[in-house]
Amino acid sequence: MYFKNKGNKNSLINISQMQMSDPTALKEALIDLNSQTYEYGLVLTVKQVNRLTDCVQKSLRESDRVEIGAGIMPVLAAEFCTSVFVTRENYAAVLEELIHVFFQVKTAVCDRISDRDLVRLLKDYYENKAFGSVEIMRDRDIDRLIKYIEMEMDSDTSAIADVYESDGYTDERA
């Protein structure tokens, strides 16, 4: 859900008084996910789970968003744990950066793409365009990704995952 009412005391819903998500549900979901991600050599410590939970809460506040239950972080973790670019050393940091990117894009496109479709699209960009760099994805590709989502949602939603391929994308590192 998306509510925009910063500083609006007359609105029906006061975001600043709402709990942005369920931190306990998120922590439990991430700890439970360890059994799935273990096969990829990825396990979140209690300290990392707490940090990720804080990161989600901060991102939700900054973007004036609300999540129900555990939210999107476990979905991101489950999708990105299979990436060849995610290692034991960078797993928590990648998830932390991805949550900011996720909410930035989700807000920019006014929720016109489902959470799961956006996660899949972000993974594809991360793997095939940014070559495992959230920084490159965030700094170079996010505006392009947002434009593509907006264009595709205005026309044909079935082709959203393939739309950026038609732009003659070139790797700027080459």
Side-chain angles (χ1 to χ4, degrees), residues 1-6 13-139 141-142 145-146 149 160-161:
M1 271 188 243
Y2 179 70
F3 300 98
K4 189 77 171 167
N5 71 343
K6 250 185 189 168
I13 300 173
N14 187 343
I15 296 289
S16 63
Q17 294 176 349
M18 288 182 69
Q19 185 171 343
M20 295 302 194
S21 70
D22 184 352
T24 303
L26 175 55
K27 288 176 185 180
E28 289 173 2
L30 288 173
I31 289 170
D32 289 346
L33 192 61
N34 278 340
S35 62
Q36 178 184 337
T37 61
Y38 179 78
E39 69 182 88
Y40 301 100
L42 306 172
V43 176
L44 294 170
T45 65
V46 172
K47 185 177 179 179
Q48 290 170 325
V49 166
N50 289 333
R51 183 175 167 97
L52 286 169
T53 302
D54 292 342
C55 177
V56 168
Q57 295 297 313
K58 180 181 178 192
S59 292
L60 288 168
R61 275 190 307 277
E62 289 173 353
S63 60
D64 290 332
R65 299 186 72 81
V66 175
E67 284 190 312
I68 306 300
I72 196 65
M73 180 58 83
V75 177
L76 276 169
E79 184 71 29
F80 278 80
C81 75
T82 61
S83 172
V84 296
F85 298 108
V86 175
T87 65
R88 182 177 310 157
E89 293 78 20
N90 73 1
Y91 180 44
V94 166
L95 291 177
E96 193 171 322
E97 291 180 61
L98 282 170
I99 199 66
H100 294 296
V101 171
F102 177 86
F103 287 131
Q104 178 185 355
V105 173
K106 198 70 169 153
T107 300
V109 299
C110 299
D111 293 299
R112 292 175 14 165
I113 183 172
S114 75
D115 289 355
R116 291 196 186 270
D117 284 346
L118 179 55
V119 168
R120 286 187 205 106
L121 198 54
L122 290 174
K123 168 104 181 275
D124 190 50
Y125 255 78
Y126 179 79
E127 294 274 321
N128 299 309
K129 304 298 180 199
F131 305 103
S133 172
V134 180
E135 294 85 14
I136 289 174
M137 198 168 77
R138 182 187 61 230
D139 297 341
D141 296 332
I142 287 301
L145 178 61
I146 290 167
I149 292 170
I160 192 163

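Starting from 1, each residue takes its place in the sequence as its number. Hydrogens, waters and symmetry mates play no part in the numbers below; they use all other heavy atoms, side chains included.
Of the candidates Leu26, Leu30, Leu76, Leu52 forms a side chain to side chain contact (heavy atoms under 4.5 Å, CB included) with just one, namely Leu30. For the side chain to side chain contact (heavy atoms under 4.5 Å, CB included) test with Leu118, the passing option among Ile72, Val105, Val101 is Val105; the others fail.
Inter-residue side-chain proximity for Lys123 and Thr82 is flagged as met; some heavy-atom pair is nearer than 4.5 Å. Side-chain contact between Val56 and Glu67: present, with at least one pair of heavy atoms (C-beta onward) separated by less than 4.5 Å. Asp115 is listed as a side-chain neighbour of Phe102, based on a closest heavy-atom distance under 4.5 Å. Between Leu33 and Leu44, the closest side-chain pair of non-hydrogen atoms is not below 4.5 Å.
Atom CZ of Arg51 has 12 or fewer neighbouring heavy atoms from other residues, nucleotides or ligands inside a 6.0 Å radius.
Atom-to-atom distance recorded for Glu79:CD and Arg116:CZ is 9.0 Å, nearest 0.5 angstrom. In this structure, the separation between CD on Glu28 and OG1 on Thr53 is 10.5 Å, given to the nearest 0.5 Å. In this structure, Lys27 NZ and Asp22 CG are separated by 10.0 Å, a value rounded to the nearest 0.5 Å.
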Walk me through it: do Ser83 and Glu127 pass the test side-chain hydrogen bond (donor to acceptor under 3.5 Å, both in side chains)? CA-CA 7 Å; Ser83 172; Glu127 294 274 321; 2.2 Å; yes
How far apart are the C-alpha atoms of His100 and Cys55, what are their side-chain angles, what is the distance that settles it, and do they pass the side chain to side chain contact (heavy atoms under 4.5 Å, CB included) test? CA-CA 8 Å; His100 294 296; Cys55 177; 3.4 Å; yes
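Sequence neighbours left out, the pairs with a member in residues 27-83 that pass ring-ring contact (aromatic ring centres under 6.0 Å, His included) are Phe80-Tyr126.
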